[in-house]
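Proteins get letters first, then strands, A, B, ... in listed order; numbering begins at 1 in each.
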Protein chains: 2
Amino acid sequence: MTARKSGQNGAHKAAIRQENEAQILAAAELVFADYGFKGATTARIAEIAKVPKANVHYYFSTKEALYRRIMEDVCDHWLQAASTFDNSTNPAETLRGYIEAKMDLSRARPHGSRIWAHEIIRGAKFSSDYISTTVKSWLDSRVVVINRWIAEGKMDKVEPYSLMYMIFATTQHYADFSRQIEIFNNNNPLSDEQFTDAKENVVRIILKGVGLA
Amino acid sequence: MTARKSGQNGAHKAAIRQENEAQILAAAELVFADYGFKGATTARIAEIAKVPKANVHYYFSTKEALYRRIMEDVCDHWLQAASTFDNSTNPAETLRGYIEAKMDLSRARPHGSRIWAHEIIRGAKFSSDYISTTVKSWLDSRVVVINRWIAEGKMDKVEPYSLMYMIFATTQHYADFSRQIEIFNNNNPLSDEQFTDAKENVVRIILKGVGLA
DNA sequence: ATTTATCTTGACCGTTTGGTCAGGTTAAAA
DNA sequence: TTTTAACCTGACCAAACGGTCAAGATAAAT
């Protein structure tokens with residue numbers, strides 16, 4: 001294949017790089033989600049990505065570098081869902097939007113949620129900085145909003161952190177524990193209908209639970 | 001030390017066995033909780049248990065045998081907390097009792113909860129039988145109770161599974177994600193006071209959320 | 001056509017892994 | 001006291017681990 005056949009300026013090489021990196025990242029996300037950082041192996045990642053193991057190390061110098069890259073991706077998506085909390089005029093609408101966004105993220109990217117779970121369970125060795133700065137700032141500012149709603153008598157007086165933890169836990173449960181839910185559902189993954197129903201139930205219980213229904 | 005010095009009939013040997021097994025089990029619980037089955041190493045377990053690695057294999061033939069034993073323990077404790085759901089006359093009292101029992105279990109035995117989380121995240125390879133029989137039976141019978149409460153107009157019409165998943169997720173979050181909670185709490189573990197407060201908030205939000213307040 | 005830069009990979013290396021074992025110590029039984 | 005059964009452990013092993021590298025293949029630039 002000549003240079004002319006592809007786009008100009010080394011577009012083919014760039015495409016190869018992008019393709020391979022994407023393949024490796026997708027495989028790594030799967031393997032890290034199943035086994036966490038320590039339990040995952042580069043050989044297994046290579047196998048799933050369908051590239052020789054040496055090629056994994058050509059694109060990502062170390063297992064840790066690959067892991068950190070995956071964590072960045074996971075955090076980016078988390079922040080994206082978080083932004084739903086911005087429109088803070090109507091408490092019920094805002095909370096509903098946030099819960100629904102987090103539920104949808106659990107459905108769309110369960111592996112990311114599982115990687116995060118591994119990371120925290122193990123003690124957040126790689127991400128404690130990110131949590132104590134970026135995530136904590138985000139959370140604290142939402143707590144302020146919730147406290148304002150409470151002060152304005154728009155909702156019940158609840159501990160905002162407890163509420164947020166409940167939302168974190170419940171929404172992520174549908175990703176992290178989907179295998180358990182599947183078994184309870186007679187060994188069938190939740191259908192789109194069942195998931196939508198679950199989402200509505202979660203929203204309703206929480207909104208009513210804090211006096212927003 | 002002679003046989004006479006200890007109780008009769010080989011009590012000393014039995015005591016040694018019990019002591020060592022307990023030490024190894026405690027260490028294994030810690031290590032499996034941090035790294036899951038695959039990521040945990042027998043060398044690390046031996047180190048924490050303060051016995052030579054060969055001794056770990058003297059008491060537990062393989063890493064998998066040790067892991068299964070730990071899983072049994074975890075399940076036993078889970079079933080113990082589950083029994084709180086038995087007194088099913090008063091919905092609010094029953095649910096409150098169950099939620100509080102699960103919260104207390106997360107506080108008292110966080111490692112067990114984390115091991116369970118690892119196990120499910122990975123796909124419940126060792127425990128799918130236990131879940132699809134024992135746990136599912138337990139859950140389905142509680143769902144019947146909740147549906148009866150709903151039919152009797154004692155609480156809102158909610159999807160019982162969604163409600164139970166919310167309780168699982170939220171209570172276990174205080175064990176599995178305690179490191180994250182700690183960071184949000186300015187790098188301090190929740191005090192007994194804060195935990196009691198969180199527990200009460202969780203109970204209040206859920207009970208009110210399903211129309212039991 | 002030749003050079004250069006990037007991509008590819010089988011073979012390899014030192015270390016760590018789960019697990020074994022021979023030979024020892026200790027306590028219970030005879 | 002002697003025998004027996006259980007406990008203990010340093011040393012070891014094959015396999016799997018993360019990572020390296022030299023040598024070749026491919027495509028872009030000259």
Exercise for review: Grab the NZ-P distance between A:Lys50 and C:dC7 for me, whole Å please.
Suggested key: 22 Å

Exercise for review: Summarise protein proximity over nucleotides 3-8 of chain D in one line of letters, 5' to 3': B for base, S for sugar-phosphate only, - for none, counting protein heavy atoms closer than 4.0 Å.
Suggested key: ---BBS

Practice item. Output the single nucleotide from C:dG18, D:dC21, D:dG19 whose closest atom is nearest the side chain of B:Lys63. Key: C:dG18

Exercise for review: Round to the nearest Å and state the distance from A:Tyr35 atom OH to C:dT17 atom P.
Suggested key: 18 Å

Revision key, fill the gap. Taking D:dC21, C:dG19, D:dG19 as options, the one with an atom nearest any side-chain atom of A:Thr62 is D:dG19

Review point. Are the charged groups of A:Arg142 and A:Asp86 less than 4.0 angstrom apart, N to O?
Key: yes

Review point. Tell me: NE2 of B:His57 to C1' of D:dT9, nearest whole Å?
Key: 14 Å

**Study point:** Between CZ on residue B:Arg114 and CD1 on residue B:Ile121, distance to nearest 0.5 Å
**Key:** 12.0 Å

Exercise for review: Run the salt-bridge test on A:Arg69 and A:Glu29 with the 4.0 Å N-O cut-off and return the result as yes or no.
Suggested key: no

Review point. Closer to the 5' end of DNA chain C via nearest nucleotide, is it B:Ala43 or A:Val56?
Key: A:Val56

Review point. Taking the six-membered ring where the residue is Trp, are the ring centres of B:Phe184 and A:Tyr161 under 6.0 Å apart?
Key: no

**Study point:** Spacing of B:Arg44 atom CZ relative to C:dG18 atom P, expressed in whole Å
**Key:** 13 Å

Check your understanding: Rounding to a whole Å, what distance do you find between A:Glu47:CD and C:dT9:P?
Key -> 15 Å

Check your understanding: ring pair (Phe, Tyr, Trp, His ring centres under 6.0 Å) with B:Phe195: which residues, sequence neighbours excluded?
Key -> none

Check your understanding: Base, sugar-phosphate, or nothing for B:Ala15, non-hydrogen atoms under 4.0 angstrom?
Key -> nothing

Point to revise | B:Phe37 ring center within less than 6.0 Å of B:Phe126 ring center | key: yes

Review point. Base, sugar-phosphate alone, or nothing: which one does A:Ala46 contact when heavy atoms must sit under 4.0 Å apart?
Key: nothing

Practice item. Please report, rounded to the nearest Å, how far the P atom of D:dG19 is from the NZ atom of A:Lys53. Key: 9 Å

Exercise for review: Determine whether the side chains of B:Gln23 and B:Tyr59 contain a donor N or O and an acceptor N or O closer than 3.5 Å.
Suggested key: no

Practice item. Using atom CZ of B:Phe60 as one end and atom C1' of C:dG18 as the other, report the distance to the nearest whole Å. Key: 16 Å

